[in-house]
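Throughout, protein chains are lettered first and strands after them, A, B, ... in sequence-line order, and every chain is numbered starting at 1. Note that the structure is a prediction, hence the values are computed from the model and not measured.
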Amino acid sequence: SQKIEQNSEALNIQEGKTATLTCNYTNYSPAYLQWYRQDPGRGPVFLLLIRENEKEKRKERLKVTFDTTLKQSLFHITASQPADSATYLCALDMYSGGGADGLTFGKGTHLIIQP
Amino acid sequence: SQTIHQWPATLVQPVGSPLSLECTVEGTSNPNLYWYRQAAGRGLQLLFYSVGIGQISSEVPQNLSASRPQDRQFILSSKKLLLSDSGFYLCAWTRGLGNYGYTFGSGTRLTVV
C-alpha cells in the first residue's frame, strides 16, 4: 500500500500570502490524489481531486499540482485568510488501479494563518 | 442533495462492553461506504469498506466488525471493547470507482475507560 509524507509541523503564514503545502508518496503512482480540510473535532471535507494525467487543478483560491515523476503534490491557497486555518490532508487510492477499496491519508499539515 | 448521518457524537464505554455505531446516507443509491478511525496524533486509518449490501472488506485485523444490512446503512460493532479502541470514528461514502471525493460524517468520539 501507499505511504504518504506530509510536513507534520505547523505551517505559519501571514494573512494575504500564499500558503503551500507538500504531499509526497513513496510507492506506485496513484490514479488520483485528493486534498481534504479537517477542523478540530470534525470530519474531513473534500476540497480537490487531481488525476494522474492532470498537472494542475484550480478551484477558487485553491490550486493543486501533481508531479508523478517527483511523486509529489503541492497544495496552494492564495490570498490566505485566518478562516483557512485548519489541518489539510492529502489522500491517495489505497491500492494501484484507483478502485473503490479506500483512500490512504497522510497525517496532515496544520496550517495557521496569522492576521 | 446527499447527506450522511452518523451517531452518536460522543460515547464513553467501559472495557469489555459492546459497541454499535451507525451510519446512514441519504439522497443516493449504492454508495461505497467506509469506516475510518483517527487516533490521537495519528492519521486516518481505514477499518472497513463496502461496495454493496452484505459485502464487507476489512483492512486491519482488530476487535471490530462491520455490517451493511441495507443499501445506505453501515454499522460498526464490537462484542468487547478494548482500551485501544478509543478514537474518533468516521463514516464516509463515495460513488463510482473511487475517482470522486469522499463525504465524511461528523464522527463519533469513543472513549473506552
Side-chain angles (χ1 to χ4, degrees), chain A residues 1-10 23-25 29-54 57 59 62 64 66 75 86-110, chain B residues 2-10 21 23 25 28 30-52 55-60 66 68 74 87-111:
Chain A
S1 62
Q2 277 288 9
K3 291 188 177 181
I4 300 174
E5 297 175 357
Q6 292 186 260
N7 189 343
S8 59
E9 296 180 3
C23 172
N24 295 293
Y25 57 94
S29 288
Y32 51 85
L33 185 149
Q34 304 186 21
W35 283 90
Y36 289 78
R37 168 183 173 143
Q38 187 174 24
D39 292 287
R42 310 288 294 271
V45 175
F46 171 70
L47 297 174
L48 281 168
L49 179 151
I50 186 167
R51 294 180 172 80
E52 60 180 337
N53 60 348
E54 298 175 316
K57 184 74 78 72
K59 179 182 177 182
L62 308 180
V64 171
F66 194 9
F75 177 80
T87 297
Y88 290 85
L89 307 172
C90 170
L92 309 173
D93 45 316
M94 184 77 80
Y95 300 105
S96 62
D101 43 12
L103 297 175
T104 186
F105 284 81
K107 292 184 179 180
T109 297
H110 184 43
Chain B
Q2 301 90 10
T3 56
I4 181 168
H5 302 281
Q6 189 179 344
W7 67 92
T10 59
L21 302 180
C23 171
V25 180
T28 189
N30 198 29
N32 296 328
L33 296 170
Y34 305 86
W35 278 111
Y36 280 86
R37 177 171 61 197
Q38 191 172 34
R42 302 183 65 180
L44 285 159
Q45 179 187 34
L46 179 64
L47 302 176
F48 301 95
Y49 69 93
S50 172
V51 298
Q55 300 179 57
I56 307 295
S57 296
S58 173
E59 281 299 314
V60 182
R68 185 171 177 173
F74 205 22
F88 190 43
Y89 288 82
L90 290 155
C91 180
W93 79 273
T94 190
R95 61 169 68 99
L97 295 178
N99 54 348
Y100 294 90
Y102 285 35
T103 300
F104 282 84
S106 54
T108 296
R109 175 74 60 189
L110 172 66
T111 303

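From Arg42(A), atom CZ reaches atom CZ of Phe88(B) across 9.0 Å, with rounding to the nearest 0.5 Å.
Only the side chain of Gln38(A) comes within contact range of chain B, judged by heavy atoms closer than 4.5 Å. Proximity to chain A (any heavy atom under 4.5 Å) is restricted, for Gln38(B), to the side chain, taken from C-beta onward. Contacts between Leu48(A) and chain B at a heavy-atom distance below 4.5 Å are absent for every atom of the residue. Neither the backbone nor the side chain of Ser57(B) comes within contact range of chain A; no heavy atoms are under 4.5 Å apart.
More than 12 non-hydrogen atoms from other residues, nucleotides or ligands lie less than 6.0 angstrom from NZ of Lys57(A). The number of heavy-atom neighbours closer than 6.0 Å to CD of Gln55(B), taken from other residues, nucleotides and ligands shown, is above 12.
With hydrogens and angles disregarded, a donor-acceptor distance shorter than 3.5 Å links the side chain of Tyr36(B) to the backbone of Leu103(A). For Tyr36(A) (side chain) and Tyr102(B) (main-chain N/O), a donor-acceptor pair under 3.5 Å exists by modelled atom type.
For chain B, the option among Gly41(A), Gly108(A), Ala91(A) with the highest count of heavy-atom pairs below 4.5 Å is Gly41(A).
Across all non-hydrogen atoms, the minimal contact from Leu44(B) to Pro44(A) is CD1-CG, 3.8 Å.
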